[in-house]
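Down below is the structure, laid out as structure tokens.
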Amino acid sequence: MLLTTKFLRPTPDSRAVQRQRLDTLLQPESGKRLNLVIAPAGYGKTTLVSQWCAGNSMPTAWLSLDEQDDKPRQFWQYVIGAFEHAGLIGLEDCKKLLARQDADELTPAITGLLNVLAADGNAWSLVVDDYHVISNDTLHRQLAWFLDYLPPGILVTLASRTEPPLPLARWRVRRQVQDIHPGLLAFSEEECQEFFRSTMAMELSEDDIRSICRKTEGWVAAMQLSALAGKKEAVLPGQALGSPDSRLISDYVLTEVLEQLPEDLTDFLLETACCPRLCAPLCNAVRQRQDSQEKLSSLLSQNLFLIPLDNSNEWFRYHDLFREALLQRIQSAAPSHASELQSRAIDWLLRHGHVQEGIVQIVRRNDTDHLAAVLAEHGNNLIHGGYHLPVLEWLDAIPAHKIQDSPQLQMLRIWGLFFANRVESLDPLLLEVEDLLDRRVADSHPDAEGALALHSEISLVRSYLARTRNDEKNASDLTRQVLKDIDQISIPLKSVTYYGLGLDYFGKGELNDAEEALESAVHYGQVERKASTVLSSGGLLAWIQYHRGDTDLALETTGRVRQWVDEHYSDPSQPRLISCWQNSALTEIYRERNQISTADGYLAPLLDHVRKGTEPGQHVVIQYVRGHLAFTRGDLETAVEALEDAVTTGRRRREHIVFEPPAASALLARCYLASGHADKARACLQPALDQPATNPLNREQNQIALARVQNALGEYQQAQDTLSALIPAAERNAHNRHLVEILLVYAEALAHEGRNDESDAMLEKALDRAENAGFLRLFAEESTALRDMLLDFPRLRTPGRWNRELLGMLRDLAAGQPGKASFNGSREANHPIDTARPGGEHVNALTEPLSQREQEVLVLIHQGLANKEIAERMSVAPATVKAHIRNLYGKLGVSRRTEALAKAREVGLLEGVAKT
């Protein structure tokens, strides 16, 4: 006798959320044999499959399993019974064969079922719910055999909490399986809204729903428990719904998860719940055992709310609500044991460099003595690693008298306030620390030597404060004094000191010395593991290199620095550390190369910092870069808005900025010129001209902008006088970007006076320097008259990729298509660059054709494969691939992958080739 209720498909609730995005995945497809719906308890597996069946026209056999069905004969009796209950006829012989055969050898009966399905000829669906109750290896092998020989049109759907031991890898390669994993099953924010409003009939605000969705991570059972708890408390329309009821969640975890597991896995879950993140060595240390990797693998295979944090299955975390339920259980059942487990976790985190996570656990325990000791040891590196705001919060958790008696903790507060740009409060705090240090030296305090070392740290802070007051001499003297003392002290300060020195040289326009100091700052920052200093120093270094015209070197610098930070400063629980200087430099570089979407990508996180509030120097730099990018796009309204804000902030908050930010007034004047307001452009420049900038780069920028205004007003001789005074210093200090602009504006002034030979000579010099540096977009941002001169300039019709690219961009602008050309040769619109040579010869073929192997390499590059992957695909050595790529680049006349692909498209080598 079979229990026929196991053949009844659950009737979907008409109020349930319809999940069309998942229904589509479950639909039959050519070649597909299996839908695999895998997720922990309470993720809505059964509801989803039931809804799909209700909307599906194909006949469906439904089977709900329980623990009693983990026997081959009984399992297949129920499978055949499910088909029979759904209307499949001709199964009598199958049932007889099943009754006669041994349980381990049911192949004839399973074959009979397959034959009946094939003879029927209809498309059938078999749904097996709760397949995780099956653990019999024989049964798994029989089901695999059944699936391998399914007739066309038959689709099996398994819903399970764990991934079954079936030959899934083979089936996935053949595209015979559709996986629906917990990430897909988790409710989206829109589905959460529909769940609360339609299914649970609760009127909640979008903020409440968004908060619950974020807290539950789309786990529908937890959302339902939240709603039930809310209804129990008679939540009224518009009344806020609290977090999911922890008691209900705990009860659910206890009954639906822990009671279903072996004791050893239950113990593992409870003992490791104290860990915010999990890895095998950490779990071993907490549990004082050596089998944690095996346990983690078992939990992962069973989908027990374990979320991988990397692609190598090294780090994991539990679903937050699941972890909270586990913590409640162990803290209630064994509080002293729970405390000991947490102590072991904290010790391991601190020993292995996960200091901030360890501190968070210490704060939760309210152990202020331990917190003070850890901050005294690790706080400096945390602050210089970007954690200045958390450090300030942690210091606030320590009683005031403990901080007042500790110069190390007082210095931490000073550095934290400094990086938070709350510099107005630093002077009295510095005096307080100095008084304490002096008393310790006078009293021969045991830590007197350390007290002397902190004096250098105080001098370094004072040097930065001097920069905010434009006291360059005092800043420089203090910095150099710290450099003299630095080898005698134990505090790692070299990177920060050299960064300050680099700022000093940059402020003086001494770019060679600034580069040298900033390279030292990057080096010592890596030695001292100060990630934020490495990023800031490398970013300012790249900014300088870009303005010198060393664009490729600037990109190499940013790439090198980013790679080091990502390798040595990786914390998946925290946002990716970025630097204002680094992202600003990259935005400027890619804007200049006319790769606007790439520039946008680097600007976007900076705009988020502006919205949330950042220190005023960074605010000015970001708004300057934003305004420049908008100006490049021709969006003058946005450009003016950003640049006016930059000018105002720079003027109003000057005493809080430790360096002189870029000359936003000069760029603002260009925006006014572009909109036809020359008088307004002169007026906005006047304050910067009346009080010249300290930084020579900014002075030059303002003077070049003045010359542009003078050209626009017909003051051509005055413009030449303005510019001629700039050339010697710009050449001497290698301000190459400014030098190109000077030569261009000078050429325009000469041309207006009819001095065409002199003007052409200036243009030739400008083009030579710009080509060497890779500058491009700056030509498009000059006046229309100057762009027209360049369009007629013979030099741009000579062979060369850069010449063609510049000419094409200028022609696009003339045709009303600004910003369509890309520096690397790709184009964002269907306006091909005219590559005609003098005499009408058209360049649309290579002088030397690619070999068959080189063409193969080109196609694989187009597919996005790395050199190693190309070597594996072609079954050759990586060195051979590199040789093919060198030959390929030579024939295409390019130096990098993006250029090669662009050139290949231009000459038709990739026509009809799909990118995978």
- Task: With side-chain contact (heavy atoms from CB on, under 4.5 Å) as the test, would you mind laying out the steps for W62 and V128 before giving the verdict?
- Result: CA-CA 6 Å; W62 182 283; V128 181; over 6 Å; no
- Between R172 and D179, is there a salt bridge with N-O shorter than 4.0 Å? yes
- Show the numbers, then the answer: is there a side-chain hydrogen bond (donor to acceptor under 3.5 Å, both in side chains) between S292 and R287? CA-CA 8 Å; S292 296; R287 300 169 58 239; 2.9 Å; yes
- So H85 and Y78, side-chain hydrogen bond (donor to acceptor under 3.5 Å, both in side chains) or not? Walk me through it. CA-CA 10 Å; H85 187 271; Y78 270 109; over 6 Å; no
- Between R19 and L48, the two heavy atoms sitting closest are CB-CD1, 4.4 Å
- Task: Apply the test side-chain contact (heavy atoms from CB on, under 4.5 Å) to residues F146 and Q142: give CA-CA distance (whole Å), side-chain angles for both, the deciding distance (0.1 Å), then the verdict.
- Result: CA-CA 6 Å; F146 175 75; Q142 291 170 348; over 6 Å; no
- Message: Which residue in the set L117, L155, T60 passes side chain to side chain contact (heavy atoms under 4.5 Å, CB included) when paired with W124?
- Response: L117
- Query: Quick one: does W145's side chain get under 4.5 Å of P167's, heavy atoms only?
  - Reply: no
- Message: Test your reading of the model: is there a side-chain donor-acceptor pair from T266 to the backbone of P262, 3.5 Å cut-off?
- Response: yes
- Query: So, are K295 and D264 salt-bridged, with charged N and O less than 4.0 Å apart?
  - Reply: yes
- Message: Using 0.5 Å steps for rounding, measure from the CD1 atom of I110 to the SG atom of C94.
- Response: 10.0 Å
- Message: Tell me whether S50 contacts the main-chain N or O of T46 through its side chain, where contact means a donor paired with an acceptor under 3.5 Å.
- Response: no
- Message: Tell me the closest heavy-atom pair linking G81 and F7, and the distance in Å.
- Response: C-CZ, 3.6 Å
- Message: Let's go through F75 and H140 carefully: what are the C-alpha distance in whole Å and the side-chain angles of both, what is the deciding distance for ring pair (Phe, Tyr, Trp, His ring centres under 6.0 Å) to 0.1 Å, and is it a yes or a no?
- Response: CA-CA 11 Å; F75 175 87; H140 291 312; 9.0 Å; no
- Query: Is the backbone of G31 close enough, under 3.5 Å, to the side chain of R175 for a donor and an acceptor to pair up by distance?
  - Reply: no
- Message: Between L65 and D70, is there a side-chain heavy-atom distance shorter than 4.5 Å?
- Response: no
- Given side chains that start at C-beta, do those of L22 and L26 come closer than 4.5 Å, heavy atoms only? no
- Message: Would you say that more than 12 heavy atoms from the other residues, nucleotides or ligands in this model lie under 6.0 Å from the CG of L8, or not?
- Response: yes
- Answer yes or no: is there a side-chain heavy-atom contact under 4.5 Å between R344 and Q288? yes
- Output yes when a side-chain donor or acceptor of H862 lies under 3.5 Å from a complementary backbone atom of L858, and no otherwise. no
- Query: How many angstroms lie between atom CD of E67 and atom OG of S135, to the nearest 0.5 angstrom?
  - Reply: 10.0 Å
- Message: Counting only heavy atoms from other residues, nucleotides and ligands, does the tally under 6.0 Å from NZ of K71 exceed 12?
- Response: yes
- Kindly indicate whether the side chain of P164, heavy atoms from C-beta on, has any atom under 4.5 Å from the side chain of I38. yes
- Sidechain N-carboxylate O distance under 4.0 Å for E84, K95: yes
- Message: Which heavy atom of L150 sits nearest to which heavy atom of V156, and what is that distance?
- Response: CD1-CG2, 3.8 Å
- Task: Could you tell me the separation between the CG atom of D23 and the CH2 atom of W52, rounded to the nearest 0.5 Å?
- Result: 9.0 Å
- Query: Could you state the interatomic distance from CG (L147) to CG (L158), rounded to the nearest 0.5 Å?
  - Reply: 7.0 Å
- Between V286 and L341, what is the shortest heavy-atom contact and its length? O-CD2, 3.4 Å
- Query: Of all heavy-atom pairs between L126 and V79, which one has the smallest distance, and what is that distance?
  - Reply: CD2-CG1, 4.1 Å
- When every non-hydrogen atom of N35 is compared with those of K32, the smallest separation belongs to OD1-NZ, 3.0 Å
- Would you check, one step at a time, whether the test side-chain contact (heavy atoms from CB on, under 4.5 Å) holds for V133 with D66? CA-CA 6 Å; V133 302; D66 59 37; 5.8 Å; no
- Side chain to side chain, R277 and L349, heavy atoms closer than 4.5 Å: no
- Message: For a 4.5 angstrom cut-off between non-hydrogen side-chain atoms, does Q178 reach L36?
- Response: no
- Query: Does CZ in R560 sit with more than 12 non-hydrogen atoms of other residues, nucleotides or ligands closer than 6.0 Å?
  - Reply: yes
- Item | Steps toward side-chain contact (heavy atoms from CB on, under 4.5 Å) verdict (C283, F268) | CA-CA 9 Å; C283 295; F268 180 89; 4.0 Å; yes
- Query: How long is the gap from CG on N136 to CD on Q74, to the nearest 0.5 Å?
  - Reply: 12.0 Å
- Salt bridge between D69 and K6, side-chain N to carboxylate O under 4.0 Å? yes
- From F83 CZ over to L63 CG, what is the distance, rounded to the nearest 0.5 angstrom? 10.0 Å
- Query: Within the distance-only criterion (no hydrogens, no angle test), does the side chain of S160 pair as donor or acceptor with the backbone N or O of Y131 below 3.5 angstrom?
  - Reply: no
- Measure the shortest side-chain to side-chain distance between V177 and R33 over non-hydrogen atoms and say whether it is less than 4.5 angstrom. no
